[in-house]
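Step one of this worksheet: look at the structure below.
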Amino acid sequence: MGRLQLGLMEQVLSEGFGEMLFIMKVGRADEFIYEWINRKAREELGFSDEHIGRTIDEVYGEQVGGSLTDRYIEVVNRGAQVVYEDYFIGQDGEVRYSEVMLTPLIEEGEVRYIVALVKDITGSKQNELMRREMIQRLEESSSRFRALFENNGDAVLELGPTGEITGANPAAIRLLGRAPEALAGSPFSSLVSQNDRGLAEAAFRLAAGSHLQDVRIDILTESAGPVGCLLKFTPVAPDGEPIGYFANLKDMRELDQLADLYLESLNQFKIITDNVSDVIVTIDGNWRLLYVSPSSKAHYDYDPREVVGKDTEELIHPDDFPDLARGYEEILEGRHIFRLRLRVLHKNRNWIWSELNASAVRGPDGEFLHMVVVIRDISRQKAEEERLEHYAYHDQLTGLPNRRLFLNRLQDRIIEFEKTGRRFAVALMDLDRFKKVNDTWGHNVGDEVIRAFSNRIENAADHVLAARFGGDEFVVLITDCSTHQEAENLAGRIIGALREPIVAGGHVISISTSIGIAFAGPGRASTDVLLKLADRAMYVAKQEGPNRYRIVE
């Protein structure tokens with residue numbers, strides 16, 4: 001090959017090759033000398049002509065250089081290509097992951113040179129690490145859920161989408177007296193007494209529409225015959241459409257026995273209630289408290305003598321009392337039991353979230369005598385449920401509502417628009433050139449910028465719903481926006497909030513945004529259409545320069 005052609009080949013390898021490339025000369029005594037280095041390697045690793053002719057140990061030192069030398073020795077000994085993964089520190093100080101391919105060049109049966117091709121695989125490596133972390137989290141979550149399922153004191157059955165049994169926890173096996181393999185594939189309705197089957201099927205249909213309801217039914221067991229249980233279906237719907245259900249069966253025999261004991265003897269009832277941890281009260285037809293168990297002191301700090309004779313309404317939160325009144329009316333009309341969550345007044349004047357299970361006590365002729373209520377403090381459980389609900393509907397980085405919550409609220413507003421015709425708009429925005437922030441200062445600084453940007457949007461978009469839609473994209477639901485001017489005012493406030501630079505990671509960073517706003521109207525009253533219109537408007541605004549907005553009416 002002529003010198004001109006050779007020079008052209010070197011230029012292509014040096015300037016036109018997208019990966020880092022080294023040619024290493026094999027010296028004596030396991031020394032490997034830098035013979036040639038392309039431009040990409042010089043830019044990424046800071047190599048220069050000064051490194052030509054130096055050994056690996058001279059460049060990296062004995063500790064790091066020794067490890068690299070071992071790889072090259074392996075290529076020499078095998079006389080074959082070696083591929084391995086490694087990492088390096090880029091010019092920006094960030095750790096980068098790489099795939100290294102060492103290829104021997106053999107002359108007269110000996111390895112004289114080794115070509116090292118170094119490919120930056122940071123993106124795919126980080127994605128793989130993230131995927132593994134997500135899998136680990138899912139496995140941990142599944143393990144915790146399975147432990148809760150297996151150790152639940154109530155019977156729980158796993159059901160398929162049409163109500164067939166696919167699993168049962170130990171409590172369900174004990175209650176039903178049947179082996180898991182005997183239950184598998186059977187319809188849940190086959191476990192329900194004939195008289196209660198219609199009630200159970202109605203509750204199942206309601207659960208499919210997310211209307212959860214407790215119903216009292218008799219379950220058919222192998223050894224104990226019909227057993228009275230409180231049934232609740234809970235749908236499993238990760239994407240909105242149920243893919244299965246959990247059937248929770250609470251054995252009511254113990255509570256039924258308590259009621260029977262009360263009918264037999266008030267004294268026996270008092271002996272029992274004085275020794276239970278939950279609070280037990282009885283209420284007459286005029287809402288007066290007839291009896292309060294001593295456990296009220298531990299949970300609500302009341303001595304029973306302080307509250308016996310009081311009107312129940314004095315101790316129940318005003319917002320919750322109507323639900324209690326409805327349940328009470330159902331008891332009077334013949335319903336055997338109802339369960340309700342409400343807030344009970346503590347003696348220190350705080351409201352305590354509690355779960356109430358109530359059943360009627362009737363005389364020999366079926367006349368209503370009074371109601372027996374078992375009350376349990378669930379304040380910790382309620383707080384945990386609220387915390388989990390917050391995580392499900394809020395972005396962890398910014399604390400703003402997330403895509404899921406925004407789409408739910410947007411759908412609600414669309415339904416209202418279809419009924420009333422009252423106009424509203426959706427604003428979509430992102431940070432201009434945000435990728436440059438991440439590339440220049442790293443993702444930690446990028447996260448700080450996202451947080452600061454979200455705070456400014458939230459402050460500027462007062463009295464409307466602002467949410468993080470993903471990455472550096474944010475959305476605002478302008479629920480009461482009837483004119484073009486109102487939309488312009490909102491866009492102006494958001495852009496104005498970005499005039500001052502953001503300080504993140506010790507850097508002063510100027511940012512700008514592009515905003516697209518779409519009004520709901522005839523033919524564009526759906527989430528997909530509104531978001532697509534807003535996205536197109538944002539794209540047009542971005543083409544016109546920073547801090548611009550476009551409105552579609």
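At a threshold of 4.5 Å between non-hydrogen side-chain atoms, the residues Met429 and Val475 do not count as touching. Residues Val236 and Tyr245 form no side-chain contact, since every pair of their non-hydrogen atoms from C-beta on lies 4.5 Å or further apart. Side-chain contact between Ile515 and Arg548 is absent, with no heavy atoms from C-beta onward closer than 4.5 Å. Looking at Glu31 and Asp57, their side chains never come closer than 4.5 Å, going by heavy atoms from C-beta outward. For the pair Asn402 and His394, the minimum side-chain heavy-atom distance is 4.5 Å or more.
Ionic pairing of Arg403 and Asp395 is not present here: no N-O contact between side-chain nitrogen and carboxylate oxygen is shorter than 4.0 angstrom. Ion pair Glu85/Lys125 flagged as a salt bridge, since at least one NZ, NE, NH1 or NH2 atom sits closer than 4.0 Å to an Asp/Glu carboxylate oxygen. Using a cut-off of 4.0 Å between Lys/Arg side-chain N and Asp/Glu carboxylate O, Asp528 and Lys532 are scored as not salt-bridged. Salt bridge Arg42/Asp49: present, at least one basic N to carboxylate O contact under 4.0 Å. Using a 4.0 Å cut-off between charged nitrogen and carboxylate oxygen, Glu108 and Arg112 count as a salt-bridge pair.
For the residue pair Thr103 and Gln81, a side-chain donor N or O sits within less than 3.5 Å of a side-chain acceptor on the partner. Residues Gln485 and Thr483 have side chains that never bring a donor and an acceptor to within less than 3.5 angstrom of each other. There is a side-chain donor-acceptor pair under 3.5 Å between Ser514 and Asp432. Side chains of Asp70 and Ser67: a donor-acceptor N/O pair is absent below 3.5 angstrom, by distance only.
Atom OH of residue Tyr34 and atom OG1 of residue Thr55 lie 8.5 Å apart, to the nearest 0.5 angstrom. A distance of 15.5 Å separates CZ of Arg409 from OG1 of Thr527, quoted to the nearest 0.5 Å. Separating the CD atom in Glu99 from the CG atom in Leu117 is a distance of 8.5 Å, to the nearest 0.5 Å. Here the straight-line distance linking atom CG of Asn248 with atom OG1 of Thr234 works out to 7.0 Å at 0.5 Å rounding. Expressed to the nearest 0.5 Å, how far CZ of Arg54 lies from CD of Glu35 amounts to 15.0 Å.
Put simply, the side chain of Asp412 never gets that close to the backbone of Ile415: no donor and acceptor are under 3.5 Å apart.
Among residues two or more places apart in sequence or in another chain, the salt bridge (Lys or Arg N to Asp or Glu O under 4.0 Å) test is passed with Arg550 by Glu544. With sequence neighbours excluded, the residues forming a salt bridge (Lys or Arg N to Asp or Glu O under 4.0 Å) with Arg423 are Glu553, listed by chain and number.
For Glu486, the CD atom counts as densely surrounded, since its 6.0 Å shell holds more than 12 non-hydrogen atoms of other residues, nucleotides or ligands. Crowding of Tyr97 atom OH: a count of heavy atoms from other residues, nucleotides or ligands under 6.0 Å not exceeding 12.
Ring planes of Tyr72 and Phe32: tilted class, angle from 30 to 60°. The aromatic rings of Phe188 and Phe233 stand perpendicular to each other, their planes meeting at an angle above 60°, with 30° marking the opposite boundary.
Across every non-hydrogen atom of Ala466 and Val476, the tightest pair is CB-CG2, 4.1 Å.
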